[in-house]
Amino acid sequence: MSIVKINALTVPDDQREVLEQRFAARKGFVESADGFEWFELLRPLEGSDRYLVYTRWRDEESFQAWMNGPMKGAHQRAKGDDGGAEGAGSGGGGAERPKPAATGSETWSFEVVQQAPPKK
């Protein structure tokens, strides 16, 4: 069965639009990865400042290959002179990098043990 990785990003109110724009700019980045199955960026509606980045993968090996290949390369290219990583999904190639939109991050891993498609 598939695995799910959820990155819970703590995002202050004044950075929500920035985060969403950065993810919109990265559209297509993960979709061509071998073993990738699904992506969703979930915006909190009430009572939370945490966005959830949901990705689903064929298996842990596919996720790790992406993390250690394309994702690692993108994060290395996004580092400024001070070594601080740019916010998730941000793009651009200026000398000065924007600050991260999220103030915190936590990754959760799950194995899909049951699933059901909608009834027709």
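Along the sequence shown, the residues carry numbers beginning at 1.
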What's the spacing between [X] [atom1] and [Y] [atom2] if we round to 0.5 Å?
{"X": "Asp34", "Y": "Asp59", "atom1": "CG", "atom2": "CG", "answer": "8.5 Å"}
{"X": "Glu40", "Y": "Ile6", "atom1": "CD", "atom2": "CD1", "answer": "9.5 Å"}
{"X": "Ser62", "Y": "Glu37", "atom1": "OG", "atom2": "CD", "answer": "8.0 Å"}
{"X": "Asn7", "Y": "Tyr54", "atom1": "CG", "atom2": "OH", "answer": "14.5 Å"}
{"X": "Leu9", "Y": "Thr107", "atom1": "CG", "atom2": "OG1", "answer": "8.0 Å"}
{"X": "Phe110", "Y": "Arg56", "atom1": "CZ", "atom2": "CZ", "answer": "13.0 Å"}

Quiz prompt | Note, Lys5 side chain near Met67 side chain (heavy atom, < 4.5 Å) | solution =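 Lys5 vs Met67: side chains apart.
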Is there a chain of hydrophobic side chains (I, L, V, M, F, W, Y, each step under 4.5 Å between heavy atoms) that links [X] to [Y]?
{"X": "Val4", "Y": "Val30", "answer": "no"}
{"X": "Phe39", "Y": "Ile3", "answer": "yes"}
{"X": "Val112", "Y": "Trp38", "answer": "yes"}
{"X": "Trp108", "Y": "Val113", "answer": "no"}
{"X": "Val53", "Y": "Val18", "answer": "no"}

Self-check item: Closest non-hydrogen atom pair, Ala8 against Arg50
Solution: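 Between these two residues, the closest heavy atoms are CB-NH2, 3.7 Å.
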Quiz item: Looking only at heavy atoms, which two atoms of Pro12 and Ala101 are closest? And how far apart?
Solution: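 Shortest heavy-atom contact: CD-O, 3.5 Å.
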Quiz prompt | Greater than 12 external heavy atoms within 6.0 Å of Glu17's CD | solution =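 No - once you tally the heavy atoms of other residues, nucleotides and ligands closer than 6.0 Å, there are 12 at most.
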Exercise. Just jot down the side chain to side chain contact (heavy atoms under 4.5 Å, CB included) partners of Arg16, sequence neighbours excluded, or say none.
Key: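 Expected list: Val11, Asp13, Arg43, Pro44, Tyr51.
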Practice problem: Show your working on side chain to side chain contact (heavy atoms under 4.5 Å, CB included) between Trp66 and Thr55 and close with a plain yes or no. | Solution: CA-CA 12 Å; Trp66 179 73; Thr55 57; 5.9 Å; no
Self-check item: Glu31 side chain vs Phe29 backbone, donor-acceptor pair below 3.5 Å
Solution: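 Checking the backbone N and O of Phe29 against the side chain of Glu31, a donor-acceptor pair under 3.5 Å is found.
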